[in-house]
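Okay, structure first, notes after.
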Amino acid sequence: MKKLWKLFLLTFILPLSACGGNPDTGKEPEKTPVPTNGEAALTPDITPEVTEEITQKPASGEETALDETYLQYTFHLDKKHQKIDGFGGAFTWYSDQIFNAGKNTDGLLDTLFTDAKLSIIRFKNEYAYHSEDYAGNVRPMFRIYEAAAERAASYGEEPTVLLSCWSPPASLKSNQSIEGGGSLAKHEDGTYMYEEYAQWWVDSVKFYREWDIKIDYVSIQNECDFVAGYDGCEFAPTETDTQASYAKAFLAVYDAMQAEFGDEAPKMIAPETMSCEPLTLYNYVKEILETKPESICGIGYHLYVGGDSDEENNTVKYDSFLWNFMDLEKYFGEYGYARWQTEFFRGRGLQTAALINNAMTQADMNAYIYWSAVWADDTENFESGELIRLQNAANKNKDGWGICADYYALRHFSEFIRPGYSRVEASMQGGMNFRTSAYVSEDEKTLVLVVINLGNTVETLQIPTGEKRLSSSLVYQSVLGTEDSSDNILYQDMGALQPGNTVSLPGESITTVVLSFE
């Protein structure tokens with residue numbers, strides 16, 4: 001059986017490289033020398049000027065001479081897969097602390113939106129939570145959005161906003177509380193308040209837009225299949241005596257949005273369950289597919305169920321999602337919906353990178369959103385479950401925040417793989433220790449490769465470009481072992497590809513290669 005399993009993995013995983021338990025425990029509010037550029041590896045008899053001529057501007061039609069002692073990379077620009085919507089993070093609890101006195105706020109925002117170039121922001125809908133016609137989180141939301149939009153404008157883009165609901169106001173809940181353990185409230189005649197819920201969503205979008213926050217997408221309920229000990233609301237796939245129907249609520253919101261906003265209505269992601277199991281997703285949207293399939297823009301889900309992960313030890317078995325990722329096509333392929341992973345945080349840095357790569361290649365993911373972009377955490381744990389760790393004034397870090405391992409894992413995808421790029425068929429000659437994927441710009445002048453070495457040995461990779469004329473190349477690299485620390489080599493600018501279009505891949509590393517074609 002072991003041999004058959006290995007054969008299966010070789011058959012399915014390598015070519016593909018080419019919207020259980022308590023998922024939120026620990027993430028609710030109560031949770032508290034390698035060369036720096038390519039020149040260092042040049043041989044003495046080749047000057048940097050000659051090397052640049054050889055590696056970056058080969059003669060027209062001349063292909064790179066292959067060296068069979070190197071791993072070989074293959075990509076096919078004519079074999080395109082999904083179009084990328086973006087990579088991002090959630091700004092929910094603790095996001096207001098970004099702007100606390102004593103923090104290097106501009107540096108933090110630059111780290112996320114100038115350096116990593118996060119293109120999707122996931123916000124929490126708190127409209128009418130505690131006071132009528134107002135949302136207590138709107139000011140920090142506006143400041144985050146404004147900062148992201150200003151930075152994105154410098155490279156000709158706009159951020160995308162996903163507004164998700166954790167709970168409607170208490171008045172619309174069966175337990176009269178925003179905390180989980182209840183569903184939608186009922187009228188005196190026993191019918192659920194679908195219309196009132198839909199109107200609350202319309203009012204929410206109007207309110208945030210009046211604050212100049214561009215709401216592009218909405219998800220009517222975060223983890224509708226989970227009983228939360230914090231803000232939450234339960235929905236069932238079909239209506240019961242105690243739980244409202246997710247499909248009926250979704251369609252009520254869709255109809256109300258269309259009536260109010262018309263062509264300016266936000267697009268809708270469904271069902272954003274804590275599970276990525278296709279059958280679970282299908283059961284929640286089955287009635288929608290049968291009545292108004294056009295109302296869904298993307299299938300959204302989390303990865304807390306459907307694979308093997310351990311929150312306490314912060315680990316994830318990235319290949320354990322294989323079956324569920326592959327089965328998404330069987331259930332939703334005919335509809336052409338985008339596929340968005342909208343929340344997950346378990347896993348060490350190297351594991352997170354491999355998981356993102358698997359999601360892109362096996363599930364044809366269009367968007368990957370990390371939980372959480374920022375989180376209050378006074379520890380010095382580099383491998384904590386956030387991108388940016390917010391720290392109080394007593395912490396020795398004068399900036400008031402620190403970068404965590406998963407930031408680097410996500411940045412290796414997010415900085416150069418831009419919205420509108422398409423994943424293309426790619427593979428590399430190697431063993432089970434590598435994961436890779438490739439993405440091309442719409443004009444096919446830029447190709448971005450992400451290569452993850454999960455082994456502990458150094459390998460050299462050669463990237464033939466065939467008839468494509470290479471004008472320049474960039475290489476960025478992070479070394480993230482299973483016992484990561486902030487002293488590791490993180491997102492180093494390695495300069496251009498080495499002679500023969502080669503790059504050294506250290507053990508337990510992530511490498512992003514950007515190829516520019518004439």
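A side-chain donor from one of Arg122 and Ser164 sits under 3.5 Å from a side-chain acceptor of the other. For the residue pair Thr511/Gln477, the side-chain donor-acceptor check at 3.5 Å is satisfied. A donor atom on one side chain and an acceptor atom on the other are found under 3.5 Å apart for Tyr304 and Glu343. A donor-acceptor pair shorter than 3.5 Å can be found between the side chains of Ser437 and Asn357.
Between Phe332 and Tyr337, the ring planes lie tilted relative to each other; the angle falls in the 30° to 60° range. Below 30°, between 30° and 60°, or above 60°: for Phe91 and Phe113 the angle between ring planes is below 30°, a parallel geometry. Using a 30° and 60° split on the angle between ring planes, Tyr73 and Phe75 fall in the tilted class, from 30° to 60°.
Applying the salt bridge (charged side-chain N to carboxylate O under 4.0 Å, His left out) rule to Asp67 yields no partners; only residues at least two apart in sequence or on another chain are considered. Partners of Lys330 by salt bridge (charged side-chain N to carboxylate O under 4.0 Å, His left out), not counting sequence neighbours: none found. Legend: residues meeting ring-ring contact (aromatic ring centres under 6.0 Å, His included) with Tyr331, ordered by chain and number and at least two apart, are Tyr282. For Asp225, there are no salt bridge (charged side-chain N to carboxylate O under 4.0 Å, His left out) partners two or more places apart in sequence or in a different chain. Qualifying ring-ring contact (aromatic ring centres under 6.0 Å, His included) partners for Tyr318, counting only residues two or more places apart in sequence or in other chains: none. For Glu459, there are no salt bridge (charged side-chain N to carboxylate O under 4.0 Å, His left out) partners at least two apart in sequence or on another chain.
Between Tyr208 and Phe123, the distance separating the two ring centers is not shorter than 6.0 angstrom.
Rounding to the nearest 0.5 Å places SG of Cys276 at 4.5 Å from CG of Asn324. Taking CE of Met494 as the reference point, atom CD1 of Ile489 lies at 7.5 Å (rounded to 0.5 Å).
Lys317 NZ: 12 or fewer foreign heavy atoms inside a 6.0 Å radius. Around NZ of Lys445, the count of heavy atoms belonging to other residues, nucleotides or ligands within 6.0 Å does not exceed 12.
Glu442 has no carboxylate O lying under 4.0 Å from a charged side-chain N of Arg418, or vice versa, which leaves the two without a salt bridge. Ion pairing between Arg143 and Asp96 fails under the 4.0 Å rule for side-chain N and carboxylate O.
Figure legend: Lys103 and Trp401 shown without cation-pi pairing, the cationic atom not lying both under 6.0 angstrom from the six-membered ring centre and within 45 degrees of its axis.
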